[in-house]
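Residue numbering restarts at 1 for every chain, and letters A, B, ... go by the order of the sequence lines.
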Amino acid sequence: MTSWRTSDSAGLIPPHRYTAALAASIEQRWQNYWQENHTFDAPNPAGPLADPTGVANRSKLFVLDMFPYPSGAGLHVGHPLGYIGTDVYARFKRMQGYNVLHALGYDSFGLPAEQHAISTGIHPRVNTDSNISNMRRQLRRLGLGHDERRSVCTTDEEFYKWTQWIFLQIYNAWFDPSTSRARPINDLVAQFVSGERKTSEGKAWSTLTPAQKSLETDAFRLAYLSDAPVNWCPGLGTILANEEVTAEGRSDIGNYPVFRRNMRQWTMRISLFSDRLLGDLDRLDWPEPIKLMQRNWIGRSEGARVSFSSSAGAIDVFTTRPDTLFGATFIVLSPEHPLVIALTTEKHHKNVEAYISQAGASSDADRQNDSRAKTGVFTGSYAINPVTNQPIPIWIADYVLMGYGTGAIMAVPSGDQRDFEFARQFDLQILATQMPSADWFNQHDITPSDDCTTWPSAYVGEGDYVNSANDTLSLNGQRSISDAKNLINAWLTEKNAGEATVSYRLRDWLFSRQRYWGEPFPIVYDQDGLAYDLPESMLPVLLPELADFSPQLLDPMDSDSDPVPPLARVADWVTTTLDLGDGPRQYRREVNVMPQWAGSCWYELRYLDPTNTRQFVDPEVEKYWMGPASDGHTGGVDLYVGGVEHAVLHLLYARFWHKVLYDLGHVSSEEPFHRLFNQGYIQAYAYRDDRGQTVPAEKVKETNGTFTFDNEKVTREYGKMGKSLKNIVTPDEMYDEYGTDTFRLYEMAMGPLEASRPWNTRDVVGMQRFLQRLWRNVVDEETGLLTVSQDAIPETLLRQLHKCIAGVAADMEALRFNTAISKLIELNNGLTQHVNSGLSTPLDLIKPMVQMLSPLCPHLAEEIWALLGHETTITFEPFPIADPNLLISDTVEVPIQINGKVRSRILIHIGASQDELLTAATSDPKIIAALGGLVPAKSIVIVDRLVNFVV
RNA sequence: GCCGGCGUGGCCCAAUUGGCAGAGGCACCAGGUUUAGGACCUGGGUGUUGUGGGUUCGAGUCCCACCGCCGGCACCA
């Protein structure tokens with residue numbers, strides 16, 4: 001028998017070296033072990049997955065990854081970064097005794113599968129299922145410690161039953177402004193019945209027809225049908241949420257043009273929750289940039305509503321600067337403002353009409369191009385400025401947006417640059433209300449004056465108030481802006497001409513999509529078009545089978561045609577006979593479906609209790625995993641890891657749903673995700689030849705900083721991994737070439753989890769070498785026998801071990817896996833020296849080393865653990881604890897500086913006093929020489945740290 | 001334009017939070033082992049910490065200005 005075998009490339013490899021092949025066999029064996037032994041099944045306190053003894057006396061930890069969409073392209077090496085990070089953390093916490101819940105399911109409704117179905121004619125479920133099984137296969141090879149029982153898919157009927165159920169909770173709720181809480185709609189009806197709340201026309205509730213009653217309640221429901229401007233995307237055949245439209249006015253998916261038009265659509269009153277969504281951000285442990293993005297998106301601004309009277313009634317404007325009201329010399333309405341027609345005089349009718357149609361025809365993108373000159377037209381009417389009692393002209397202009405504030409502004413050209421430009425353009429009056437500083441006039445090289453005709457631009461800032469007084473109010477003189485605001489707001493309230501108020505940028509959430517592959521709404525309509533919610537017993541409303549998945553074909557630029565959703569074509573599904581309590585009647589089903597965000601708004605709750613058929617989650621189970629940790633704590637997932645791209649989409653929608661469920665008493669947590677961590681992205685280099693074509697990145701060679709492909713010079717760029725850049729590297733390639741543990745280690749070692757960085761396959765080998773050295777320190781590469789001894793650990797190695805334990809534990813707790821790995825390599829390098837000097841590896845050293853390694857490289861750790869004679873998994877072994885006595889040494893090397901430059905070092909005992917340090921430093925020969933007889937003007941002595949002489 | 005984030009050896013990245021610029025990996029160089037080879041062993045750090053000022057006994061770290069890259073928002077009243 002030969003002890004050497006030949007490898008493909010060259011040379012001989014010892015039979016028991018830790019190669020990719022050995023790693024693969026170890027890894028698959030342990031993956032099977034974990035699956036067969038249900039190692040990662042997390043016990044619940046109650047419900048179908050209850051195991052009270054498993055729960056007892058352990059702290060819990062809920063670790064969550066953002067819900068993945070099962071893409072047909074499969075995973076590349078960038079995808080698992082976060083999954084590996086959460087797995088390492090979860091395994092680390094299990095070793096610290098926590099009951100850890102870690103699972104991964106699939107957000108499997110969505111446009112790509114449906115687009116695929118349209119082009120191939122294959123049912124999206126077929127494609128979705130095969131994508132999921134491919135992704136499960138790829139993820140299984142990663143060795144993630146997931147509870148497989150909890151891997152739910154949003155497309156599972158038993159899952160979307162509860163998505164529909166939650167929709168109905170939202171539909172049957174309203175927002176009570178007195179408590180800022182969602183309440184059951186029945187409470188509202190009770191208020192109507194008792195007369196405590198007036199109906200819109202003041203009639204008694206009992207006298208209203210059913211249609212009138214539903215009109216009254218629909219005005220309050222948190223999910224409602226509205227006939228409002230929507231983002232219509234003919235290229236996708238569906239409308240989109242504001243959050244799904246890019247700044248360029250195109251669809252986030254597919255980059256098709258998006259048009260504004262009115263359509264009757266399901267909408268959610270998320271805007272009523274603006275204040276809570278904003279305020280509760282302060283109570284969350286989230287990265288500041290994400291909080292900022294949500295704050296910006298919600299866009300709270302404090303100001304005042306001011307009422308201007310006009311021939312068509314009061315025109316309400318919103319302003320953040322009511323203190324400049326005396327300078328409001330004209331009013332501008334959005335072209336879509338409802339009062340425009342009534343305000344337009346005969347003479348200006350033609351101009352206004354032309355302007356409105358011109359504004360409607362131009363896209364949002366055009367309208368928002370701020371380099372464009374201001375446009376607008378006069379309506380012919382005037383409004384009365386409430387503080388001056390003077391008539392001011394009413395204009396319409398497209399720089400005023402209907403979707404923000406009231407769709408009307410008071411223009412103060414002296415204090416707002418846009419208004420200033422507009423006034424100059426159309427020769428409107430500009431009246432100063434604040435005197436700019438002398439500096440400002442100097443800068444613009446003009447003589448100080450409140451005559452704005454001399455001003456080159458508006459003045460924004462603090463300044464003495466001028467021209468701002470009437471008979472009952474004066475702001476004039478030196479005062480702060482906030483002081484002036486308070487004065488004017490009080491005056492407006494007193495005169496009934498306005499009040500201090502708050503405006504938000506966040507608008508209600510457009511919730512229906514004209515597609516097939518989504519959750520059907522649990523809503524039907526009767527002959528009169530009245531909507532009815534279906535009872536829980538009729539859930540789920542299943543998607544019907546469909547022969548043809550195509551939406552009707554529309555030109556991407558066709559902004560006028562009405563969409564016909566695919567479900568509308570399934571006649572025997574759309575029309576249905578149901579008994580909703582008053583005998584069998586014929587109804588028409590809602591033919592829109594929910595957007596992809598619906599499932600991801602609550603999936604984390606289903607992970608908790610995935611097999612519960614009676615409830616979406618058992619309240620006791622929810623409270624255990626997600627309940628508040630203490631008074632004032634929001635509750636929610638203990639650690640949520642994902643990319644930054646969901647900052648204002650998923651993360652805002654899910655918070656909204658969760659708050660509604662909290663208000664209605666279905667969950668005990670106020671927020672879904674208490675701690676959020678944003679992982680970075682792995683990007684990759686890509687290469688182009690001189691014709692600009694991308695070439696396969698893996699075949700590019702580098703020599704002295706120049707890159708060649710087929711001996712042709714190519715240029716390097718840097719970007720997302722993808723087909724178009726030909727720079728994809730898959731986990732499968734890494735498993736084959738290096739093994740999973742090496743791959744996991746490399747992903748974690750290449751930098752901090754939150755940082756984006758380039759992938760470089762050539763660097764992976766460093767981690768494999770580390771594991772090979774570690775393996776070789778434990779196992780004889782030729783015989784495969786254990787080489788561990790019972791010898792005591794030498795003092796230096798023992799100290800190194802405990803320093804390592806302390807460092808690694810702290811690093812893992814803080815998710816700093818890159819530095820934890822470097823500390824483990826350091827320790828192993830120390831051990832390697834010990835072994836190379838002819839000694840063997842002490843058992844007492846390798847045990848804690850393997851324990852520390854196991855969160856990162858669980859397969860290799862399990863294998864060595866078993867070789868050391870253990871019969872059960874290493875998963876629940878306690879994480880090593882450092883002995884504090886071994887962390888401190890007797891002596892320390894202290895640098896001696898002269899003027900901040902290190903000139904010498906001295907070895908001195910720990911805790912040496914300032915005097916001792918000073919004496920030792922001044923008697924050091926190098927320092928005596930460097931000082932050359934000079935007496936230091938000052939000496940800085942920091943115990944155990946340094947001595948610095950200033951001369 | 002506004003708001004964030006990041007700039008450290010050739011590359012990916014550390015630095016006890018104001019105290020010796022270097023932990024770890026890749027690459028590179030030299031030597032060892034080897035018939036040879038290296039995924040082995042030993043040794044080697046290659047630098048104006050983006051630039052310019054400031055604070056300080058002392059700045060990669062704090063402050064100001066600028067440059068570059070990345071991200072978010074953008075006529076938001």
Side-chain angles (χ1 to χ4, degrees), chain A residues 7 9-14 17-20 247 287-290 292-293 295-297 299 301 303 317-321 332 367-372 374 397-401 403-412 416-419 421-422 503-505 644-645 647-648 681 683 702 704-705 718 738 745-746 749-752 754-760 762-770 772-773 776 781 807 816 818-826 828-829 832-833 836 893-905 936-940 942 945-951:
Chain A
S7 89
S9 46
L12 299 160
I13 290 173
R17 174 159 292 178
Y18 182 73
T19 58
E288 271 312 312
I290 298 288
L292 193 65
M293 281 162 72
R295 286 189 191 111
N296 288 341
W297 190 262
S301 38
V317 305
F318 175 75
T319 176
T320 55
R321 291 296 302 274
V332 187
R367 280 176 65 165
Q368 287 170 5
N369 180 355
D370 54 3
S371 59
R372 207 173 56 126
K374 294 273 176 293
D398 63 7
Y399 80 93
V400 177
L401 310 173
Y404 186 76
T406 61
I409 63 162
M410 63 178 218
V412 183
D416 181 288
Q417 187 57 28
R418 290 157 308 160
D419 297 346
E421 286 166 20
F422 193 83
S503 185
Y504 298 93
R505 204 182 80 108
V644 73
E645 71 273 18
V648 291
Y681 292 101
Q683 295 184 297
E702 183 192 355
N704 299 326
Y718 181 54
Y738 302 100
L745 207 51
Y746 175 65
M750 60 199 290
E754 67 270 28
S756 292
R757 61 240 160 180
W759 177 267
N760 212 341
R762 297 198 326 188
D763 292 352
V764 179
V765 70
M767 292 302 115
Q768 190 182 37
R769 286 176 190 156
F770 159 53
Q772 280 173 338
R773 283 199 298 273
R776 194 159 39 233
E781 286 193 328
R816 292 190 304 252
N818 54 328
T819 51
I821 291 167
S822 80
K823 290 178 173 89
L824 284 168
I825 294 175
E826 232 179 326
N828 187 57
N829 287 348
T832 303
Q833 271 190 343
N836 285 340
E893 194 186 56
V894 173
I896 314 299
Q897 302 177 334
I898 293 173
N899 290 338
K901 296 270 179 282
V902 178
R903 291 300 161 86
S904 182
R905 297 164 217 276
K938 196 175 171 187
S939 313
I940 293 103
I942 316 274
R945 281 284 171 78
L946 63 60
V947 177
N948 185 17
F949 294 114
V950 184
V951 292

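Between Val412(A) and Thr319(A), the closest side-chain pair of non-hydrogen atoms is not below 4.5 Å. Between Asn760(A) and Tyr746(A), some side-chain heavy-atom pair lies under the 4.5 Å cut-off. Here the side chains of Arg505(A) and Asn296(A) are not in contact, with every heavy-atom distance at 4.5 Å or above. Using a 4.5 Å cut-off on side-chain heavy atoms (C-beta onward), Glu288(A) and Arg295(A) make contact.
Residues satisfying the side chain to side chain donor-acceptor pair (under 3.5 Å) test with Asp763(A), not counting sequence neighbours, are none. Arg769(A) pairs by the salt bridge (charged side-chain N to carboxylate O under 4.0 Å, His left out) definition with nothing, not counting sequence neighbours. In terms of the salt bridge (charged side-chain N to carboxylate O under 4.0 Å, His left out) criterion, residue partners of Arg418(A) (sequence neighbours excluded) are, by chain and number, Asp416(A). Residues passing the salt bridge (charged side-chain N to carboxylate O under 4.0 Å, His left out) test with Arg816(A), sequence neighbours excluded: Asp811(A). Evaluation of the ring-ring contact (aromatic ring centres under 6.0 Å, His included) rule for Phe422(A) yields Phe330(A), Trp395(A), Tyr399(A), Phe426(A) as partners, not counting sequence neighbours. For Glu781(A), the salt bridge (charged side-chain N to carboxylate O under 4.0 Å, His left out) criterion is met by Arg17(A), Arg776(A), not counting sequence neighbours. Ser822(A) is linked by a side chain to side chain donor-acceptor pair (under 3.5 Å) to nothing, counting only residues two or more places apart in sequence or in another chain.
Between the CD atom of Glu754(A) and the C1' atom of rG71(B) there is a distance of 15 Å, given to the nearest Å. Remark: P of rG38(B) and CZ of Arg17(A) are 13 Å apart, rounded to the nearest angstrom. Atom CE in Met410(A) sits roughly 12 Å away from atom P in rA77(B) (whole-Å rounding). Rounded to whole angstrom, the span from the CD atom of Glu421(A) across to the P atom of rG1(B) amounts to 15 Å. Atom C1' of nucleotide rA39(B) and atom CE of Met767(A) are separated by 14 Å, given to the nearest angstrom. Look at CG on Leu946(A): it is 8 Å from C1' on rG58(B), rounded to the nearest Å. When the C1' atom of rA74(B) is taken as reference, atom CG of Leu401(A) falls 11 Å away, rounded to whole Å. Atoms CD (Glu288(A)) and C1' (rG5(B)) sit 13 Å apart, rounded to a whole Å.
Nearest to the side-chain atoms of Thr319(A) among the listed nucleotides rA77(B), rC73(B), rG58(B) stands rA77(B). Taking every side-chain heavy atom of Lys938(A) into account, rC57(B) is the closest of rG19(B), rC73(B), rC57(B). Of the candidate nucleotides rC3(B), rC76(B), rU16(B), rU16(B) has the atom lying nearest to any side-chain atom of Arg945(A). Of all nucleotides listed (rC57(B), rC73(B), rC40(B)), rC40(B) comes nearest to the side chain of Arg776(A). Looking at the side chain of Thr19(A), the nearest of the listed nucleotides rA39(B), rA77(B), rA74(B) is rA39(B). If you check rA77(B), rA39(B), rA74(B) against the side chain of Gln772(A), the one that comes closest is rA39(B).
Rounded to the nearest Å, the gap between the P atom of rA21(B) and that of rG60(B) is 8 Å. Only the P atoms considered, rC57(B) is 28 Å distant from rA15(B), to the nearest whole Å. rC2(B) and rG9(B) are spaced 37 Å apart, taking the C1' atom of each and rounding to whole Å. Taking the P atom of each, rG22(B) and rG44(B) are spaced 13 Å apart, rounded to whole Å. rG52(B) sits 43 Å from rG38(B) when the P atoms are compared, rounded to a whole Å. Taking atom P in both rC63(B) and rA74(B), one finds a spacing of 29 Å when rounded to whole Å. When the P atom is compared between rG53(B) and rU42(B), the two are found 45 Å apart, to the nearest whole Å. For the P atom pair drawn from rG7(B) and rU16(B), the interatomic distance equals 13 Å after rounding to whole Å.
Pair assignment for rC40(B) gives rG32(B), based on Watson-Crick or G-U wobble hydrogen-bonding distances that are each under 3.5 Å. In this structure rG1(B) sits in a base pair with rC73(B), meeting the Watson-Crick or G-U test at under 3.5 Å. Pairing partner, rG45(B): none, since no Watson-Crick or wobble contact has both distances short of 3.5 Å. Within the shown strands, nothing qualifies as a pairing partner of rU55(B) under the Watson-Crick or G-U definition with both distances less than 3.5 Å. With a 3.5 Å ceiling on both atom-pair distances, the Watson-Crick or G-U wobble partner of rG68(B) is rC6(B).
In terms of position on RNA chain B, the residue among Ile942(A) and Gly405(A) whose nearest nucleotide sits closer to the 5' end is Ile942(A). Nucleotides of RNA chain B nearest to Met293(A) and Thr406(A) differ in position, and the one nearer the 5' end is that of Met293(A).
Listed pair Arg773(A) / rG25(B) meets the phosphate criterion, a side-chain N or O lying under 4.0 Å from OP1 or OP2. A sub-4.0 Å separation between OP1 or OP2 of rC40(B) and a side-chain N or O of Arg769(A) is present.
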Which protein N or O atoms sit under 3.5 Å from an N or O of nucleotides 8-14 of chain B?
{"residue": "rC12(B)", "atom": "O2'", "partner": "Met750(A)", "partner atom": "O", "Å": "2.8"}
{"residue": "rC13(B)", "atom": "OP1", "partner": "Ser756(A)", "partner atom": "O", "Å": "3.4"}
{"residue": "rA14(B)", "atom": "OP1", "partner": "Asn818(A)", "partner atom": "ND2", "Å": "3.4"}

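Note on Ile821(A): nothing from the nucleic acid sits closer than 4.0 angstrom, heavy atoms only. Across all strands, Gln417(A) comes closer than 4.0 Å to no nucleic acid atom at all (heavy-atom distances).
Arg757(A) places no side-chain N or O within donor-acceptor distance of the main-chain N or O of Met750(A), the cut-off being under 3.5 Å.
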Base contacts versus sugar-phosphate-only contacts with protein, heavy atoms under 4.0 Å: please encode nucleotides 42-47 of chain B as B, S and - from 5' to 3'.
SS----
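Here rU8(B) is in the anti range [glycosidic angle more than 90° from 0].
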